[in-house]
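Down below is the structure, laid out as structure tokens.
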Amino acid sequence: MTTTTSDTVTTGPGAAEHKPLMTGPALLMMNLGFFGVQFSFGLTQSAVNPLFLLIGANPEQLPILNLAGPVTGLIIQPLIGAISDRTWHPRFGRRRPFIVAGSILCAIILFLFPFVGVLWLGVICFWLLDAGNNTSMEPYRAFISDRLPKSQLARGFLTQSMFTGAGAVLANVSLFALQKVEALQTEAGNGVPYWMFACFMIGTVCILLTVLTAMARTRELKPSEDELEEMANAPRGLGPAVREIADAVRSMPVAMHKIGVVFAFQWYAMFIYWQFLAVSLGETVFNANPEQGGPAWDDAIAWSGLQNGAYNFVTMVSALFLVGFAQRIGAKRVHALALGLAALALVWLAHIDNQYVALVPMIGVGIFWASAVGVPYLMVASMVPAKRTGVYMGILNMMIVVPMLVQTVTFGWIYEHWLDGKGSNAIILAGVLLGIGAVAMLWVNPPDEADESPIVPLGGRRSITVYDRVVVGSDGTPTSLYAVDRAAEVAQAAQARLVVVTAYRDASDEPAASAPGLHRDISGVEVAREALSKSVTGLTRERARYIEQLLVRGDPAQALLDTVGNNPANLIVVGNRGLGASQGALLGSVPAGVVRNAVCDVLVVQTSALDEERMFHPSSTESPPTGSPTAGESD
């Protein structure tokens, strides 16, 4: 029983709390567009700065030439977020029009960029390309938060991180591989080699194909009538959007302020890394510089692309594990460790003189990047109001671009006067700043529980607000089916996986007590399988999207306890007693044993008061299978 990506769904009040679960393939399809968007972003990281140098820029000019990224991110992302929060079209939805428009603009500029032959025109193209990237990226992240229930947010943003890594890998590896193609070694009239033309053409096709496919195959959830009325009555235009941003900043959760402290060091450092990686490798590995140019400098450019592809490949793999670690030890510790690894990696990179050894530090950078592009967005998405997700994603991006903007204005002078005009010194400084960011992350005190993320903890103690799984036992009897019904309702409300457990004993097992008034176990696997099938027959797709069925040989109470394990985010549902038990029993042996030993919450359903002849259809009151209640209904 699974769900697929569906057309626009109409929901009532509180719809944000009852979003349907998505299947794995549907979730992958929704995130597919990140592959193309990140390919475009990867080209801005690895290809645009070398292209600037090819058409006449000097290395000390690179920071000011990269002003486009911070400024467009600072302005466009919060505005697009605030505007898309108040947008709804019956056919096109809320976020999709902005995602598609941004991707089309990116595709046009990617196609035109390599034909540019003068620096000022290249700068204009860079501004437009960054504008398109930001127009697509911000609502895309909000789109994931809009579409997924909280129980799937972690998986959704991890999938985004994997596609982000994959897109960047292709962008950077293509720069390296195409540069080796003999037929593409010649230069066009503007001095740009044809292998760079090929990279930008691939990017054009990639972003259009992936984004348009993802948006065509994924529909948005229609807001509730109350939300639509609020959107219709909300003021339109630039002024209200700016006021919305200001109001969101004033009411921003404390945990977001804590993230901003670290971002100041983190993103200043990463902007240095992207701008000066090729220059540093040219100095330390290839004995080349952009002023001299030549084949050695081309090799430095190509190898910098391979370096970036290597760390993004590590990002794809490490993204699978980081959220699990964050849930165990707290996101602040995970991100601090990731920052520390990246700091050591960059300092080491600046001292390496072998191109192959230079790939090793990219492991640390890749682990950090997996954390940087996933964990903060996941935390913010789970701590802010759903209806303001767009504007808060934009504000988070402001925390990224403000340090980049400061770096753009200040680093040219620092590079010339403090770093002796050496790219390797710039990379060392980037590593030092990441190290300061790691210390700052540890300095951040855990938040109050009211400000804590319910999905990925920042580091504070918290109570469980969302169940991962709801586990219920059943033997197919009417009262156990009632317990299963209640468990399904709870699972739907919590957007959790429902696990139905039927325990049984084989004929060879020690015979269970069967005296009058005592609990009786199911005997035999076939009888148990029939009881389990009967238990899940009535659970429709609308009531329980993900259902797991377990047949367990042994004691019913222990079967439930073993199923939940040591995870306190699970819930066990049991009936207070079963049909084979004494009518006077208030709490049978199975639920009593579960309550005594469970590490998670236990919901005891009052089944003993049911008049089965009235509460259930006559056909449902047939004799239970051999042996009566099990895990869900006990004596």
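Reckoned from all heavy atoms, side chains included, excluding hydrogens, waters and symmetry mates. Position 1 is the first residue of the sequence; numbering continues from there.
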Taking side chain as C-beta onward, heavy atoms only, is F98 less than 4.5 Å from S136?
no

We want to know whether S40 and N133 form a side-chain donor-acceptor pair, criterion being a heavy-atom distance below 3.5 angstrom.
yes

Answer yes or no: is there a side-chain heavy-atom contact under 4.5 Å between F163 and L28?
yes

Side chains of W303 and L359: closer than 4.5 Å at any heavy-atom pair?
yes

Report yes or no: does S304 contribute a side-chain atom to a donor-acceptor pair with the main-chain N or O of I301 at less than 3.5 Å?
yes

CG of L281 to CG of L349: how many Å apart, nearest 0.5 Å?
6.0 Å

Quick one about R95 and S84 (side-chain donor to acceptor, distance below 3.5 Å, no hydrogens or angles considered), yes or no?
yes

Between F368 and Q266, is a side-chain contact (heavy atoms from CB on, under 4.5 Å) present by the stated rule, with each step listed?
CA-CA 10 Å; F368 157 72; Q266 171 181 312; 3.6 Å; yes

With sequence neighbours excluded, residues passing ring-ring contact (aromatic ring centres under 6.0 Å, His included) with Y392
none

Once rounded to the nearest 0.5 Å, what's the spacing between atom CD1 of I124 and atom CG of L129?
13.5 Å

Would you say E220 and F92 make side-chain contact, with heavy atoms under 4.5 Å?
no

On a heavy-atom basis, the closest approach of Q38 and A168 is CG-N, 3.8 Å

Note: A336 and A438 closest approach over all heavy atoms is O-CB, 3.5 Å

Kindly indicate whether the side chain of L27, heavy atoms from C-beta on, has any atom under 4.5 Å from the side chain of L148.
yes

Got a list of side-chain donor-acceptor pairs under 3.5 Å for residues 99-120, not counting sequence neighbours?
from	atom 1	to	atom 2	distance (Å)
S103	OG	I99	O	3.4
S103	OG	V100	O	2.8

Taking atom types as modelled and ignoring hydrogens, do the side chains of S280 and Y273 form a donor-acceptor contact shorter than 3.5 angstrom?
no

Given 3.5 Å as the limit, does a donor-acceptor pair link the side chain of Q407 with the main chain of Y268, or not?
no

Dump the intermediate steps for side-chain contact (heavy atoms from CB on, under 4.5 Å) on R86 and R94, then the final yes or no.
CA-CA 8 Å; R86 303 182 181 193; R94 170 184 287 182; over 6 Å; no

Just how far is it from atom CD of Q160 to atom CE of M30, taken to the nearest 0.5 Å?
9.5 Å

With a 4.5 Å heavy-atom cut-off, do L74 and L405 have their side chains touching?
yes

Rounded to the nearest 0.5 Å, the CH2 atom of W369 sits from the CE atom of M362 at a distance of 13.0 Å

Can you see which heavy atom on W348 is nearest to which on I352, and at what distance?
O-CG1, 3.3 Å

For R96 and M215, indicate whether the former's side chain and the latter's backbone hold a donor-acceptor pair under 3.5 Å.
yes

Ignoring hydrogens, what is the shortest heavy-atom contact between Q355 and F286? Give both atom names and the distance.
OE1-CE2, 3.9 Å

Can the ring centroids of F411 and F271 be said to lie less than 6.0 angstrom from one another?
no

Beyond-backbone contact of F35 with L170, side-chain heavy atoms, under 4.5 angstrom:
yes

Under the ring-ring contact (aromatic ring centres under 6.0 Å, His included) test, residues paired with Y140 that sit two or more places apart
F34

Are more than 12 heavy atoms from other residues, nucleotides or ligands located less than 6.0 Å from atom CG of N287?
no

Could you tell me the separation between the CG atom of N312 and the CE atom of M162, rounded to the nearest 0.5 Å?
14.0 Å

Looking only at heavy atoms, the pair that brings M29 and R217 closest together is CG-CB, 3.6 Å

Please give me the minimum heavy-atom distance between H257 and V249, naming the atom from each residue.
NE2-O, 4.4 Å

Heavy-atom check, side chain of L396 versus side chain of F263, under 4.5 Å:
yes

From D85 atom CG to I80 atom CD1, the distance as rounded to the nearest 0.5 Å:
11.0 Å

Taking atom types as modelled and ignoring hydrogens, do the side chains of T159 and N31 form a donor-acceptor contact shorter than 3.5 angstrom?
no

Start with the C-alpha distance between L277 and W274, add both sets of side-chain angles, then the distance that settles side-chain contact (heavy atoms from CB on, under 4.5 Å), and finish with yes or no.
CA-CA 6 Å; L277 175 62; W274 290 324; over 6 Å; no

Is the backbone of G366 close enough, under 3.5 Å, to the side chain of T315 for a donor and an acceptor to pair up by distance?
yes

Side-chain atoms of residues 414-433: list all donor-acceptor pairs with protein atoms under 3.5 Å, sequence neighbours left out, distances to 0.1 Å.
from	atom 1	to	atom 2	distance (Å)
Y415	OH	G421	O	2.9
H417	ND1	W413	O	3.1
H417	ND1	W413	NE1	3.3
S424	OG	E283	OE1	3.3
N425	ND2	L419	O	3.0

With sequence neighbours excluded, residues passing side chain to side chain donor-acceptor pair (under 3.5 Å) with S371:
H335

So T218 and F143, side-chain contact (heavy atoms from CB on, under 4.5 Å) or not? Walk me through it.
CA-CA 10 Å; T218 308; F143 180 40; 3.5 Å; yes

Return a table of donor-acceptor pairs under 3.5 angstrom between the side chains of residues 191-203 and protein atoms on other chains or two or more places apart.
none

